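First comes the structure, then the notes that go with it.
Quantities reported herein were computed from a predicted structural model and do not represent experimental measurements. If you read the sequence from its start, that first residue is 1, and numbering goes on from there.
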Amino acid sequence: MQPFTLNYARPAVQLDVITPYAYDSGLQLNVLPDGRIAATDHATLRALGTTTSTAGSKTHFDD
């Protein structure tokens, strides 16, 4: 017998999105190419909404 939820489960969609920041493991924060912390850049936050870290948990936000 197959569990009910497997009838509706779908793989996560991979979006082709280029983020203007990268994770810095030393700071444990997302940083912009010029070295500034991404979470302090108002233009980045307005455009993207958050600076979600891809290191570790997908639910962790740099604030």
Side-chain angles (χ1 to χ4, degrees):
M1 182 171 162
Q2 183 176 8
F4 175 78
T5 56
L6 291 181
N7 292 328
Y8 300 98
R10 302 280 185 261
V13 176
Q14 294 294 330
L15 300 176
D16 294 329
V17 177
I18 298 171
T19 55
Y21 54 84
Y23 183 73
D24 182 317
S25 60
L27 293 174
Q28 295 185 354
L29 293 170
N30 291 317
V31 294
L32 298 170
D34 63 5
R36 292 180 297 131
I37 297 172
T40 62
D41 185 65
H42 296 282
T44 300
L45 293 176
R46 272 193 303 272
L48 302 175
T50 67
T51 61
T52 305
S53 176
T54 57
S57 173
K58 294 285 186 177
T59 60
H60 174 77
F61 295 96
D62 295 329
D63 31 71

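Closest non-hydrogen pair, Asp24 versus Leu27, comes out as OD1-N, 3.0 Å. What you find for Pro20 and Pro33 is that their closest heavy atoms are O-CD, 3.2 Å.
Residues satisfying the side chain to side chain contact (heavy atoms under 4.5 Å, CB included) test with Leu32, not counting sequence neighbours, are Tyr21, Asp34, Arg36, Ala38, Asp41, Thr44.
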